[in-house]
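I have placed the structure first, in the form of structure tokens, so that the comments after it can refer back to it.
Every chain is numbered from 1, with letters handed out A, B, ... down the list of sequences.
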Amino acid sequence: MEYNFRDIEKKWQQKWVDNKTYKVVEDAEKKKFYVLNMFPYPSGAGLHVGHPLGYIATDIYARFKRLQGYNVLNPMGYDAYGLPAEQYAIQTGQHPAITTSKNINRYREQLDKIGFCFDWDREIRTCNPDYYQWTQWAFTKMFTSYYDTAQNKALPIDQLVRVFEKEGNKTVHAATGKVTPFTAEEWNNMTEKEQQTLLMNYRIAYLGETMVNWCPKLGTVLANDEVVDGVSERGGYPVVQRKMRQWCLRVSAYAQRLLDGLDQLDWSDSLKETQRNWIGRSEGTEMIFQVKESDVKMKIFTTRADTVFGVTFMVLAPESKLVEQLTTAAQQEEVDNYVSATKKRTERERIADKKVSGVFSGSYAINPLTNENIPIWISDYVLAGYGTGAIMAVPAHDSRDYAFAKHFDLEIRPLIDGCDVSEQSFDAKEGTLINSPKAAFEKGSKLNLNGLSVAEAITATKKFVEENKLGKVTTNFRLRDAIFSRQRYWGEPFPVYYKEGMPYMIPADKLPVELPEVEHFLPTETGEPPLGNATKWAWDTVNECITENSAIDQQTIFPIELNTMPGFAGSSAYYLRYMDPHNQNALVDEKVNQYWKNVDLYIGGTEHATGHLIYARFWNKFLFDCQVTCTEEPFQKLVNQGMIQGRSNFVYRIKDTNTYVSFSLKEKYEVTPIHVDVNIVSNDYLDIEAFKAWRPEYKYAEFILEDGKYVCGWAVEKMSKSMFNVVNPDVIIENYGADTLRMYEMFLGPIEQSKPWDTNGIDGVHRFIRRLWSLFYTRDGAFLLQDTAPTKEQLKSLHKLIKKVSSDIEQFSYNTSISAFMICVNELMAQKCNSMAIFKDLIVVLAPFAPHIAEELWEKLGATTTVFDAEWPMYNEEYLKEDSIKYTISFNGKARFTLDFPAEADKETIQKAVLENEQSQKWIEGKTPKKIIVVPKRIVNIVI
RNA sequence: GCUCGAAUGGUGGAAUUGGUAGACACGAAGGACUUAAAAUCCUUUGGCUAUUGCAGCUGUGGGGGUUCAAGUCCCCCUUCGAGUACCA
């Protein structure tokens, strides 16, 4: 009987649906295991062969865990909000909801063919109101919370208000924007608007005037991780800096916890490192420089406090508020010109053009340690958003300061013994300090760093600065607050309305605020975001709130928030919703959350390292503070699957002809390589007829063949339509079946590694499955297996397999597992094995990899239940024992021959036997061995 | 520039974590079956030198080192990939 994968796979996929084989319910009796794939954005192009790679890996793991008796949660859903659907809508007028749902259906169809064990009853889509209700709800929670830096957690803002009423803000330790101290009395005398304005500085979700990445072409702001090389990640349009009033999330308050949390996680070191760099913690010193003949104090941040005697100028960021105060009348015009010029430049231009630029402010600061006058400059190499937006420049020991000093001919004062700063600065944190000014330590500061190492000098300076109240030791983070507003249509609407220009939250029981219909998806004529086009909002809800709060804001045309949330909003807590997707009363029920806790295994690409994986961790930590979730980290173990690249094929056209020359003959002609659709190429041989039919211009193509065949060239490129190298999983399934596709994708190599898709090896895997099938059935359909007792040899082959696969799956070493299957089946074939007992266990072990054929064969073995209700077999060491063990005998480390010894032979016996062996005598040549090393079960090395 | 990571046959990739390379698969060559093809099965397959003595030498990007023993550990160099970039 032939192995008919089409019928088998269809049959079982239907059975799984009918019997709800993969439905998961909470079961306190069983240990839980939560595996999760990063859910896909359903793009119009459908799935290509690279997408399922991670899903297959998780599927294997999920099935394996289920066989081990775990209650496994393996859900799937869609990150359905996003830019491409909206861009498409703008171009075609097609509503994004329609294209999105069409794309989802296509995805689902493709996914179903691969045979995953997802529990589709738990599917979520971020664009569904009963899902985004909880995104909105979490946002409201953030709005009504502040971050307490003493208790190190988020707390309700009501508590803070009560403190303000009693004590003002002097005793409050909170992560804030810029706030000045106030008393209880002052607070109580404020108008509501004033109080709200003040509270905005404390809220975790707050409305802030910030410099944002504005993309004019897309008409929206972008988060830092959405900007790559100064252009937008989507579309590659220029991005400029612009000050706007935007919703922000106080992610920076969690910087330290986000950093500390990494230590407990089972993630790859490189990914943790990426996150650490992104968080960018740096310990340093804040120092205050008094400005000469002024009461302005300049605060700077430095990690090199030890270089304070090498400061020869100060630099302010052009955006700094101090610029205005410090510019002297004489310099006013020049400074104005410079500041406005930098404003016009896009991020990209700033990066591309590394020319040194700057302008003198006219003012001088006083070095607090030497009382020396230091000129204050303004330059865009200092960033407003980091530290204090001002630096003390030490050209001798910082390359950027050095370039600036050289350009404007400022003094360079070396502080490290023996360093040469004539050509470049000496940035290394090593060496012995010199040049501490005598005047400084004799009279004023009494700080002498001469003779100290850099590390010692930093400590000494820090201590001195703190003791003399010249500043303080602080820690700075690179991680900024996340900008949370997007001027888009296709996203979650904010549950926010305005009163007197101040935002208020729509109460939780009135959520969700549904996304309204709009006429068209572009901004309004007055420049409002697309939601400004909405005529029919969820007006009832909104009106109710506004009426309840009496005064409708007359100043604002739109009393409701018109921005929508960014892409990462919906993906930040979706893993929690999978636990309890139909709950109407909560994001996730407390008990259900107690059961599933967090994701045990998360699989997805590294591209989310600084976006999703930071935001989701932040979001989860916030919900943890609110006692919504019971674990502080959402993803315990994370595996990054590599990207599948395309493998493009080429034909070579001889210049100015319609003749194509085969790969190895192409050197003889002048040729142009042309991409050819990989689907009409097999093992690099071109299907000539298909090629002629592919496009009209090739209809009369002629060929110069080698050995009667046309061989194509190839290259690894990104998988994309324009390279004609997209391989659709449906095609592979049609030709080989889902089980072959699954096993082949895993066989390709380690899942963490990026690799080109190459169909050349798929026959090997397919052959293996067919060979297995042929052990069950002859061609004529006779069933070959019998209820005979397995032989010792067969048991050994089987248990070797069980052992190998059990440990491989835990380490995601699926490619070697598949090799083990091939070896095992080959051995069983050679042994003419027909024992049902052997195959029963073999099928169970195979089931995670190739579920369809496993079910089919399981049924043939007489089972009435699904193979996934079986128990994962344990291997028995007894069967693996060898009677004799082969030792490699080497002399001075060079292997010479092998000898068999009984398994239980001890070292002395082996040593003795080896020395007495005839062949050994030949190698020893009568000398006395200096040393004999016996490595158990492996090697005997004789040193002569 | 900085931070990670990698480099093994014609190809994808193995190697019990320091134990004597190249598992498994593809491809290729030869053979069996067949009128023929496909499918299937068998043999060979890192290189070099031998071959009616079943062997020898060499070999994991390059150069040094540690060790009885190095693809694996240490130092230097080369190349490639990923992330990040005026972060003071």
- Under-4.0 Å side-chain N/O to phosphate OP1/OP2 contact, A:Tyr381 with B:rA88: no

- Enter the distance from A:Met314:CE to A:Ile391:CD1 here, rounded to the nearest 0.5 Å. 8.5 Å

- Message: At 4.0 Å (heavy atoms only), tell me whether A:Ser890 reaches a base, stays on the sugar-phosphate, or touches nothing.
- Response: base

- Query: Using atom P of each nucleotide, how far apart are B:rG5 and B:rC73 to the nearest Å?
  - Reply: 11 Å

- Taking atom P in both B:rG1 and B:rA69, compute the distance separating them and give it to the nearest angstrom. 38 Å

- Item | Partner set under ring pair (Phe, Tyr, Trp, His ring centres under 6.0 Å) for A:Tyr879, not counting sequence neighbours | A:His799

- Query: In whole angstroms, how far is the P atom of B:rA88 from the CD atom of A:Glu286?
  - Reply: 14 Å

- Query: A:Val382 side chain: which of B:rC68, B:rC4, B:rA88 is closest?
  - Reply: B:rA88

- Task: For B:rA55 and B:rG62, measure between their P atoms and round to the nearest Å.
- Result: 28 Å

- Query: Roughly how many Å is it from CZ in A:Phe821 to P in B:rA14, rounded to a whole number?
  - Reply: 17 Å

- Task: Let me see the working for A:Asn476 and A:Arg281 under side-chain hydrogen bond (donor to acceptor under 3.5 Å, both in side chains), right down to the final yes or no.
- Result: CA-CA 6 Å; A:Asn476 252 313; A:Arg281 184 192 146 103; over 6 Å; no

- Note on the structure: Per-residue pairing states of RNA chain B in dot-bracket (Watson-Crick or G-U under 3.5 Å; . unpaired, | other strand) read (((((((..(((......[....)))((((((.......))))))((((.....))))..(((((..]....))))))))))))....

- Message: Checking A:Glu689 now: which residues fulfil salt bridge (charged side-chain N to carboxylate O under 4.0 Å, His left out) with it, not counting sequence neighbours?
- Response: none

- Query: Between B:rC68 atom C1' and A:Arg896 atom CZ, what is the distance in whole Å?
  - Reply: 14 Å

- Who pairs with A:Thr474 by side chain to side chain contact (heavy atoms under 4.5 Å, CB included), at least two apart in sequence or on another chain? A:Glu286, A:Phe301, A:Lys472

- Can you name the salt bridge (charged side-chain N to carboxylate O under 4.0 Å, His left out) partners of A:Asp266, sequence neighbours left out? A:Lys637

- Query: Under the side-chain hydrogen bond (donor to acceptor under 3.5 Å, both in side chains) criterion, do A:Asp763 and A:Tyr736 qualify, and how do the steps go?
  - Reply: CA-CA 9 Å; A:Asp763 290 316; A:Tyr736 295 96; 3.3 Å; yes

Grab the N/O contacts between the protein and nucleotides 39-46 of chain B below 3.5 Å, and write none if there aren't any.
unit_1, atom_1, unit_2, atom_2, d
B:rC41, OP1, A:Arg771, NE, 3.3

- Would you mind telling me which of B:rC68, B:rU58, B:rA88 lies closest to the side-chain atoms of A:Asp398? B:rA88

Between the protein and nucleotides 9-13 of chain B, list every N/O to N/O distance that falls short of 3.5 Å.
unit_1, atom_1, unit_2, atom_2, d
B:rG12, O2', A:Leu748, O, 2.8
B:rG13, OP1, A:Gln753, OE1, 3.0
B:rG13, O3', A:Asn815, ND2, 3.4

- If you measure from the C1' atom in B:rA25 to the same atom in B:rU79, how many Å do you get, rounded? 28 Å

- Task: Using salt bridge (charged side-chain N to carboxylate O under 4.0 Å, His left out) as the criterion, list what pairs up with A:Lys804, not counting sequence neighbours.
- Result: A:Asp808

- Query: Rounded to the nearest Å, what distance is computed from the CE atom of residue A:Met743 to the C1' atom of nucleotide B:rC24?
  - Reply: 12 Å

- Item | Residue whose nearest RNA chain B nucleotide is more 5′ - A:Asn892 or A:Ala390 | A:Asn892

- Query: A:Ile823 near the nucleic acid: base, sugar-phosphate alone, or nothing, with a heavy-atom cut-off under 4.0 Å?
  - Reply: sugar-phosphate

- Query: For the atom pair OG1 (A:Thr740) and CZ (A:Phe768), what is the distance rounded to the nearest 0.5 Å?
  - Reply: 9.5 Å

- Message: Is there, by distance only and without an angle test, a donor paired with an acceptor across the side chain of A:Asn941 and the base of B:rC68 below 3.5 Å?
- Response: yes

- Query: For B:rG65, does the glycosidic angle fall within 90° of 0 (syn) or outside that (anti)?
  - Reply: anti

- If we only count heavy atoms from C-beta on, is the A:Arg896 to A:Ile889 side-chain gap below 4.5 Å? no

- For A:Asn826, report the nucleic acid contact type (base, sugar-phosphate, nothing); a contact means any heavy atom under 4.0 Å. sugar-phosphate

- Task: Determine the Euclidean distance between corresponding C1' atoms of B:rA15 and B:rU20; express it in Å to zero decimal places.
- Result: 11 Å

- Query: Expressed in whole Å, how much space separates the C1' atoms belonging to B:rG83 and B:rU44?
  - Reply: 46 Å

- Message: Given B:rC68, B:rC24, B:rA88, identify the nucleotide with an atom nearest to the side chain of A:Ser282.
- Response: B:rA88

- Item | Nearest-angstrom distance from the residue atom CG of A:Asp380 to P of B:rA88 | 17 Å

- Whole-Å P distance, B:rC75 and B:rC4: 13 Å

- Query: Has A:Arg647 got its NZ or CZ under 6.0 Å from the middle of the six-membered ring of A:Trp757, at an angle within 45 degrees of the ring axis?
  - Reply: no

- Query: In Å, rounded to the nearest 0.5 Å, how long is the span from OG of A:Ser920 to CZ of A:Phe891?
  - Reply: 4.0 Å

- Note on the structure: Here the distance between atom P of B:rA6 and atom CD of A:Glu752, to the nearest Å, is 12 Å

- Contacts of A:Lys800 meeting side chain to side chain contact (heavy atoms under 4.5 Å, CB included) (sequence neighbours excluded), chain-then-number -> A:Glu827, A:Leu880

- Item | B:rU17: syn or anti, per glycosidic angle within 90° of 0 | syn

- Measure the distance from OH on A:Tyr814 to P on B:rA14 and round it to the nearest whole Å. 15 Å

- When you get a sec, tell me which of B:rA25, B:rA85, B:rC26 is the closest nucleotide to the side chain of A:Asn760? B:rC26

- Query: Looking at A:Trp267, does the NZ or CZ of A:Arg617 lie under 6.0 angstrom from its six-membered ring centre and within 45 degrees of the ring axis?
  - Reply: yes

- Atom NE2 of A:His766 and atom P of B:rA38 are separated, to the nearest Å, by 17 Å

Between the protein and nucleotides 81-83 of chain B, are there any N/O to N/O pairs under 3.5 Å, and if so, what are the atom names and distances?
none

- Task: Considering only atom C1', compute the distance from B:rA28 to B:rU66 and round it to an integer number of Å.
- Result: 42 Å

- Side chain of A:Arg478 - closest among B:rU84, B:rG27, B:rA23: B:rU84

- Item | Any residue meeting salt bridge (charged side-chain N to carboxylate O under 4.0 Å, His left out) with A:Asp398, in chain and number order, not counting sequence neighbours | A:Arg400

Hey, can you pull the donor-acceptor pairs under 3.5 Å for the side chains in residues 303-313 of chain A, sequence neighbours left out?
unit_1, atom_1, unit_2, atom_2, d
A:Arg304, NE, A:Asp306, OD1, 3.1
A:Arg304, NE, A:Asp306, OD2, 3.4
A:Arg304, NH2, A:Asp306, OD2, 3.2
A:Thr307, OG1, A:Arg304, O, 2.7
A:Thr312, OG1, A:Glu411, O, 2.8

